[in-house]
Amino acid sequence: MSTSSTSLALTMKDAAKLVGVDYRTIKLGIENGTIPTVQLGPRRMIPRVPLLRAFGVDA
């Protein structure tokens, strides 16, 4: 079950859906430092607010 509409941290797939881009765009943003990530256990997650800011969307 995807909770991307309320989650504070998102997977690359959910982040891509949220901002309407391909997940490879998210991956490139992470690799070049435009999109920050945090390590939560074994998963690398993307904080919602910084993701939206990176895409110029008001949180």
_Check this for me: L8, atom CG, are more than 12 non-hydrogen atoms of other residues, nucleotides or ligands nearer than 6.0 Å?_
no
*Is there a donor-acceptor pair under 3.5 Å between the side chain of Q39 and the backbone N or O of G41?*
yes
*Under a 4.5 Å side-chain heavy-atom rule over Ile, Leu, Val, Met, Phe, Trp and Tyr, are L28 and Y23 clustered together?*
no
*Nearest heavy-atom neighbours spanning P47 and V38*: CG-CG1, 4.1 Å
*First locate atom CD1 of I46, then atom CD1 of I30, and finally report the distance between them rounded to the nearest 0.5 Å.*
4.0 Å
*What are the two closest non-hydrogen atoms of A16 and D22, and how far apart are they?*
CB-C, 3.9 Å
*Stepwise side chain to side chain contact (heavy atoms under 4.5 Å, CB included) check, I26 with F55*: CA-CA 10 Å; I26 300 296; F55 282 86; 4.0 Å; yes
*side chain to side chain contact (heavy atoms under 4.5 Å, CB included) against T11, all qualifying residues, sequence neighbours excluded*: K13, D14, R43, M45
*Nearest-0.5 Å distance that lies between atom CG in L52 and atom CG in L18*: 5.0 Å
*side chain to side chain contact (heavy atoms under 4.5 Å, CB included) between L51 and V57: does it pass, once the steps are laid out?*
CA-CA 9 Å; L51 170 71; V57 178; over 6 Å; no
